[in-house]
Student: 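Take a look at this one; I'll ask things after.
None of the values given here were measured: they were computed from a predicted structure.
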Amino acid sequence: MSSVTPLLSAREAYAAEEDAECIAKEKVKKKVNDKGKKPVMSAPQVPEASSTSEVQVIKNGAAGSKTEADASSKRKQGMDPPLVPQKKVKKLKQKKSTGMPFVVKDMEPDQSDRDKTSGGGGGGGGGGGDHEGSDECESVDEGFPPRLAESYDSSGTLKLDSVSGESIGAAGVLDSRDEGRKVFQWMIAPHSEASFFRDYWEKKPLYLKRNTPDYYKNLFSTSVLDKILHEEKIHYTKNLDVTSYNEGKRQTHNLVGQAHPSVVWDYYNNGCSLRLLNPQTFHRPVWKLLYNLQEHFSSFCGANVYLTPPGTQGFAPHWDDIEAFLLQLEGRKHWKVYKPRSEEEELPEFSSENLSQDEIGEPVLEITLEAGDLLYFPRGYIHQAVTDENVHSIHITVSTYQRNSWGQYLQKLLPRAVDLAMAEDLEFRKGLPLDHLRVMGVVNSDMETPGRSAFLSKVKELMERLLLYAPFDAAADQFGANLMHDALPPLLGPEDKMCSVHSGGERWCRKKQKVINRVELDPDTYIRLIRGNVIRMVAEEDGVKIYHCLENTREYHQEEPQFFEMSHDHAPAVEALIHTYPKYITVETLPVEGDDEKGGARHEYFT
């Protein structure tokens, strides 16, 4: 996974603001003492939005967060701190608006635009494509400025008026996460999703015999592979591996540079297997399948395609660090699957080296996959396969949940929790006992002494106390920010593009010799996120970062992490869009304080 600079916890963001207010109060007190009289204090005001853009699109990833300083003494120790700093705000009474849909009219796309948008997104795994304002306010003391009191009930549930896409005649009406669930159900049909996750997920293999050879035929084929080799610039190692496995020895035959079709097919004719890495980069139906699954799993989904000649084996026995779904496309392949050899090798963090036949024991599953069949096995299950003597085999392995475990979450959570505890809690800064080296360590591990018992008891006490400082949400946000870097970009159809910056809006008209199709987001314009999992909002000390995958490419990590920044005062607008998806809300109902603020947010973030 990508590395994103550690983010501030909610408690840190709160503390920074509180400290700033304390410093301001100290300055006021000093001024009062100097003058000998008490000044009149005005109520805190929500800052007005600037008429100029404050957003900067940064392509070089997550810049380092500011180091906290002198904040520890003022931090609160509640378990549910706010997302961003607290301050006094006004509760806005929203006006209801009937609204109007965002429709682009008088568009004159040229032929190249039509070609680029000819393949729609969403749906099943198959399908063709390339081979590729307020009247009155009342003053309240609200502890969470983005969550304006009028917009959330006492349990924190959003109360904004939202409408379905169908009710306003919008082009985009589907929920991408629901579409992802449907695609996954299609992939494992006739098995149900509920029984799969209950009985098989991370537990044991699943073999589905369909007797429907064409079930996955639109995903990929040997002919598509040949076309990619001839039309794309495929490089050994980066895009393609040439492998063989004979007499217990696995070999890789990759050359340097571009993989020319004639050379690749010569390797194949001599018994070598071909592994095409990241086929989603070159073939639209694979991209479509993986993006939909990514929406469902909330985890990066990848794929490799394996083509093996008749009567051969391309890889040694091994286990992988991913949840694997093998979809047989053509031909037949005989598979042997083995249980992990020990508990330590169950659900491993990393893939294994090549294993020998005498290291793996007896298979728990031995089957022959034919076109249309599916085989799933959890990470850690050893596997190997050989093709039928009379026919080649080509299958695609869909993978997900690589390094997406509780352990990885805790690796992000605990170091930051220790940093916060050290800064805030005296108990974590007290010195170790004088005898700790005499009672602890390997040579003392079997001894039971009062000093050792006292040491272990203290460690247990501090571990329990550590939970008070754990930035649970900040750790989850790191996962989310990393996913935005890993993720495939959304596959957008023509309707999506026409109602977004990807294609809609102003453009030059050659015939009229002027810019046409001016589009404004008016207060009663309906808006929503373009997909359910395309952004992650992260609170930091000096503002909010919105990480997104909209500008990623189909090549893994070709771009640096993508994000833009906004003020805390505008963050609730994004929060509202996240929580109301897949429904629409009007610009006017965005929970931002005041009409001027809404106008600023509209011009800065939505145009």
Side-chain angles (χ1 to χ4, degrees), residues 1-4 6 200-206 236-241 243 245 248-252 254 273 275-280 290 293-294 297-306 313-326 335-361 363-365 375-385 395-415 475-476 478-488 555-558 561:
M1 296 179 70
S2 63
S3 176
V4 174
Y200 296 97
W201 178 253
E202 295 187 329
K203 298 181 181 72
K204 61 182 180 181
L206 170 66
Y236 291 105
T237 305
K238 177 183 178 181
N239 308 121
L240 185 75
D241 287 326
T243 69
Y245 180 77
K249 184 179 181 181
R250 150 78 190 278
Q251 290 183 294
T252 300
N254 291 352
S273 291
R275 174 168 63 181
L276 180 67
L277 310 171
N278 52 279
Q280 64 273 15
L290 296 182
L293 294 175
Q294 179 178 281
F297 282 100
S298 296
S299 176
F300 174 71
C301 293
N304 292 328
V305 169
Y306 298 82
Q313 180 170 338
F315 294 86
H318 66 282
W319 74 69
D320 293 314
D321 60 349
I322 46 91
E323 301 299 302
F325 298 86
L326 284 61
W335 285 87
K336 294 180 181 180
V337 183
Y338 309 77
K339 289 186 66 174
R341 299 174 298 180
S342 65
E343 185 175 341
E344 289 75 18
E345 293 178 357
E346 293 181 16
L347 303 178
E349 185 177 3
F350 302 104
S351 297
S352 73
E353 300 292 334
N354 294 328
L355 304 174
S356 63
Q357 298 294 334
D358 56 5
E359 291 181 285
I360 58 180
V364 294
L365 181 66
L375 174 63
Y376 158 81
F377 45 79
R379 55 195 189 275
Y381 270 74
I382 301 167
H383 52 278
Q384 61 177 327
H395 77 272
I396 184 169
T397 297
V398 173
S399 62
T400 191
Y401 259 61
Q402 185 179 48
R403 291 187 282 283
N404 200 47
S405 68
W406 282 106
Q408 270 88 32
Y409 173 76
L410 292 175
Q411 285 175 346
K412 297 181 182 298
L413 177 71
L414 295 180
Q478 285 195 42
F479 262 83
N482 285 335
L483 174 60
M484 291 301 99
H485 187 204
D486 297 341
L488 285 165
E555 182 178 325
Y556 185 73
H557 283 188
Q558 186 178 35

Student: Taking the six-membered ring where the residue is Trp, are the ring centres of W335 and Y381 under 6.0 Å apart?
Tutor: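 W335 vs Y381: aromatic centres not under 6.0 Å.
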Student: Side chains of L293 and T400: closer than 4.5 Å at any heavy-atom pair?
Tutor: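 A side-chain contact under 4.5 Å is absent here.
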Student: Can you establish whether the number of heavy atoms outside Q357 located under 6.0 Å from its atom CD is more than 12?
Tutor: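 Yes, CD of Q357 has more than 12 neighbouring heavy atoms, counting only those of other groups under 6.0 Å.
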Student: Just wondering, do L347 and K203 contact through their side chains at under 4.5 Å, heavy atoms?
Tutor: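 A side-chain contact under 4.5 Å is absent here.
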Student: Specify the closest pair of heavy atoms between G314 and S273, including all atoms of both residues, with the distance to one decimal.
Tutor: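 Distance-wise, the nearest heavy atoms are CA-OG, 3.4 Å.
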Student: With rounding to the nearest 0.5 angstrom, report the CD1 to CD distance, I396 to Q280.
Tutor: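 If we round to the nearest 0.5 Å, I396:CD1 and Q280:CD are 8.0 Å apart.
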Student: Using a 4.5 Å cut-off on heavy atoms from C-beta on, say whether the side chain of Q478 contacts that of Y409.
Tutor: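 Side-chain contact under 4.5 Å: no.
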Student: Measuring only between side-chain heavy atoms, which start at C-beta, is N482 closer than 4.5 Å to K412?
Tutor: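 Answer yes - side chains close enough.
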Student: Can the ring centroids of F325 and Y376 be said to lie less than 6.0 angstrom from one another?
Tutor: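 Centroid separation for F325 and Y376: below 6.0 Å.
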Student: Among E353, H383, Q384, exactly one meets side chain to side chain contact (heavy atoms under 4.5 Å, CB included) together with H318. Which residue is that?
Tutor: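 So, applying the side chain to side chain contact (heavy atoms under 4.5 Å, CB included) to H318 and each of E353, H383, Q384, only H383 qualifies.
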Student: Do the side chains of Y245 and P317 get nearer than 4.5 Å, heavy atoms only?
Tutor: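 A side-chain contact under 4.5 Å exists here.
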Student: For a 4.5 angstrom cut-off between non-hydrogen side-chain atoms, does S351 reach D321?
Tutor: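 They are in side-chain contact.
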Student: Locate the shortest heavy-atom distance separating A316 from R250; write the atom from each residue and the value.
Tutor: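 That closest heavy-atom pairing would be CB-CB, 4.0 Å.
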Student: Taking side chain as C-beta onward, heavy atoms only, is S399 less than 4.5 Å from E323?
Tutor: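 No, their side chains stay 4.5 Å or more apart.
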Student: Answer whether the closest heavy-atom distance between the side chains of R341 and W319 falls below 4.5 Å.
Tutor: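 They are in side-chain contact.
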Student: Regarding T252 and N254, do their side chains bring together a donor and an acceptor under 3.5 Å, going by distance alone?
Tutor: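 Note: T252 and N254 side chains miss the donor-acceptor criterion.
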Student: Assign the ring pair Y556 / F300 to parallel, tilted or perpendicular, where the plane angle (0 to 90°) is split at 30° and 60°.
Tutor: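 Aromatic pair Y556/F300 classed tilted.
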Student: Would you find a donor on one side and an acceptor on the other, under 3.5 Å apart, between the side chain of T397 and the backbone of L326?
Tutor: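 No, T397 side chain to L326 backbone: no donor-acceptor pair under 3.5 Å.
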Student: With a 4.0 Å cut-off on N to O distance, would you call R379 and E349 a salt bridge?
Tutor: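 The answer is no: the pair does not qualify as a salt bridge.
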Student: In a check of side chain to side chain donor-acceptor pair (under 3.5 Å) between R275 and each of T243, D241, N304, which one passes?
Tutor: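 Output: one option passes, namely D241.
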